[in-house]
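Heads up: the structure comes next, in structure tokens.
Every value quoted in this text rests on a predicted model; they were computed, and no experiment measured them.
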Amino acid sequence: EKDVGMDPQLKRYFLKIMNSFAWGVIWLMFVTFFGLYFGLAYVQHGWTPVNIIFYVIVLITFLLLIRYLYRSWKT
């Protein structure tokens with residue numbers, strides 16, 4: 001029986017696109033939520049240790065996201 005539908009390689013390509021987009025949006029939602037709702041992204045009267053920790057965590061998680069995306073697209 002012949003497989004009807006999308007080409008398997010094209011299907012894997014679209015799944016990579018959707019996974020990349022989804023992980024990017026999830027990361028962005030978490031950063032936005034914690035940064036805006038809890039006020040961690042606001043630097044009002046100078047840098048506080050909480051602001052510094054927040055931005056360090058954002059940078060580290062962004063680099064981990066880029067690493068994940070690079071590895072998933074490499075294969």
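Residue-environment remark: CH2 (W73) exceeds the threshold of 12 foreign heavy atoms within 6.0 Å. Atom CZ of F38 is surrounded by more than 12 heavy atoms from other residues, nucleotides or ligands within 6.0 Å. By the neighbour-count criterion of 12 heavy atoms within 6.0 Å, atom NZ of K16 is densely surrounded, having more than that number from other residues, nucleotides or ligands. Around the CZ atom of F62, the shell of radius 6.0 Å holds no more than 12 heavy atoms that belong to other residues, nucleotides or ligands.
Here CD1 of I26 is found 7.5 Å from CZ of F30. Values are rounded to the nearest 0.5 Å. For the atom pair I57 CD1 and L64 CG, the distance stands at 11.5 Å (nearest 0.5 Å). Separating the OG atom in S20 from the CG atom in L15 is a distance of 10.5 Å, to the nearest 0.5 Å. With rounding to the nearest 0.5 angstrom, the CH2 atom of W27 is 8.5 Å from the CD1 atom of I66. With rounding to the nearest 0.5 Å, the separation of CD1 in I60 from OH in Y55 is 15.0 Å. Note that the CH2 atom of W47 and the CZ atom of F54 stand 10.0 Å from one another [nearest 0.5 Å].
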Check the pair V56 / L59 against side-chain contact (heavy atoms from CB on, under 4.5 Å), numbers first and verdict last.
CA-CA 5 Å; V56 166; L59 180 65; 5.7 Å; no
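Here the side chain of T61 pairs a donor or acceptor atom with the backbone of V58 at under 3.5 angstrom.
One hydrophobic cluster, built from ILVMFWY side chains closer than 4.5 Å, holds both V43 and F34. Under the 4.5 Å side-chain heavy-atom criterion for ILVMFWY residues, a single connected hydrophobic cluster contains both L28 and Y68. No single ILVMFWY cluster, assembled from side-chain heavy atoms under 4.5 Å apart, contains both L65 and L63.
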